[in-house]
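Let me begin by presenting the structure, written as structure tokens, before commenting on it.
Values in this document were obtained by computation on a predicted structure and should not be read as measured data. Start at 1 with the first residue, then count along the sequence.
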Amino acid sequence: MNRFDPVGIGMTSRRTRERLVSRLEEQGITHPDVLDAFSATPRHIFIEEALAHRAYEDTALPIGHGQTISQPLIVALMTATLLNVPRPRILEVGTGSGYQAAILAGLCRRVFTIERIESLAGRAQERFDALSLNNVVAKTGDGYLGWPEQAPFDGILVTAAPRGIPEALLDQLDEGGRMVLPVGGGDVQELRVIDRSAGGFEETVVKQVRFVPLLKGVRGS
Ligand code: SAH
């Protein structure tokens, strides 16, 4: 810890991040803006200090309370899938460390993000402040309910798996909007894309993924 750099933004060089970006490119992520967002976002500040040396490995890591920061490849895939066209107003459900929201912040006008565990939401907010991500609006709440006061959204990204698609999130997706989410109750879920048009909803399955479950209600502490 350094008083001129309290969150350790300067701790790893841009070159380390570039190695992660090359790995993402090798794995088929081609969207240039998405790759730029990864090279601009320091993942180590979203991870506890004891694990920060592993921040640029392409792997999920624990963030406390039994939750994880997602694997960068999955964050990149979900981001690129969500942003197939520009989408100014995004809702993220499952703030966790705040990393996915920080990636989206560089690519969208406004990011609304909801986390049910109060202490994770608090820490994520400190990171948004430290990185001056003023277009991220975060709150503690139950993402099953979405964020009705801020709806509709052009895009919705869910980073924990519900058993079925939450009705409130479908309601809060604007016409022309897209939702990307894992669905399923087991260890492995389906990553699905829901596109809303005037005619209704169209659903596509992208691939199998592993996420923590989307749980109901808010947890203090
Ligand atoms: N996007 C995160 C990944 C976090 S893991 C990141 O970039 O780090 C999923 C998160 O979803 C966990 O923090 C978990 O507490 C949260 N979560 C689970 N159910 C939720 C709900 N109903 N509402 C809001 N957040 C929820």
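Considering all non-hydrogen atoms of both residues, I29 and L73 come closest at CG1-CD1, 3.9 Å.
Under the 4.5 Å side-chain heavy-atom criterion for grouping Ile, Leu, Val, Met, Phe, Trp and Tyr, Y144 is connected to W147 within one hydrophobic cluster.
With respect to the salt-bridge test (charged N to carboxylate O, under 4.0 angstrom), the residues R219 and E115 do not qualify. Taking the charged nitrogens against the carboxylate oxygens, E126 and R123 have no contact shorter than 4.0 Å, which rules out a salt bridge. With respect to E203 and R192, a salt bridge is recorded, a charged nitrogen being found less than 4.0 Å from a carboxylate O.
Within 6.0 Å of the CZ atom in R110, the count of heavy atoms belonging to other residues, nucleotides or ligands does not exceed 12. Residue-environment remark: NZ (K139) exceeds the threshold of 12 foreign heavy atoms within 6.0 Å.
Residue I156 holds its CD1 atom at 13.0 Å from CZ of R178, rounded to the nearest 0.5 Å. The distance from the CG atom of D174 to the CZ atom of R87 is 10.0 Å, given to the nearest 0.5 Å.
Using a 30° and 60° split on the angle between ring planes, F128 and F46 fall in the tilted class, from 30° to 60°.
A heavy-atom distance below 4.5 Å is not found between the side chains of F112 and I90. With contacts defined as side-chain heavy-atom distances shorter than 4.5 Å, the pair T113/V137 does not qualify. When side chains are defined from C-beta on, L20 does not count as touching S39, because their heavy atoms never get closer than 4.5 Å.
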List the steps, then state whether side-chain hydrogen bond (donor to acceptor under 3.5 Å, both in side chains) holds for E202 with S197. CA-CA 8 Å; E202 193 181 309; S197 66; over 6 Å; no
Which is it for L83 and C108 under the side-chain contact (heavy atoms from CB on, under 4.5 Å) test, yes or no, and what are the steps along the way? CA-CA 9 Å; L83 301 179; C108 306; 3.9 Å; yes
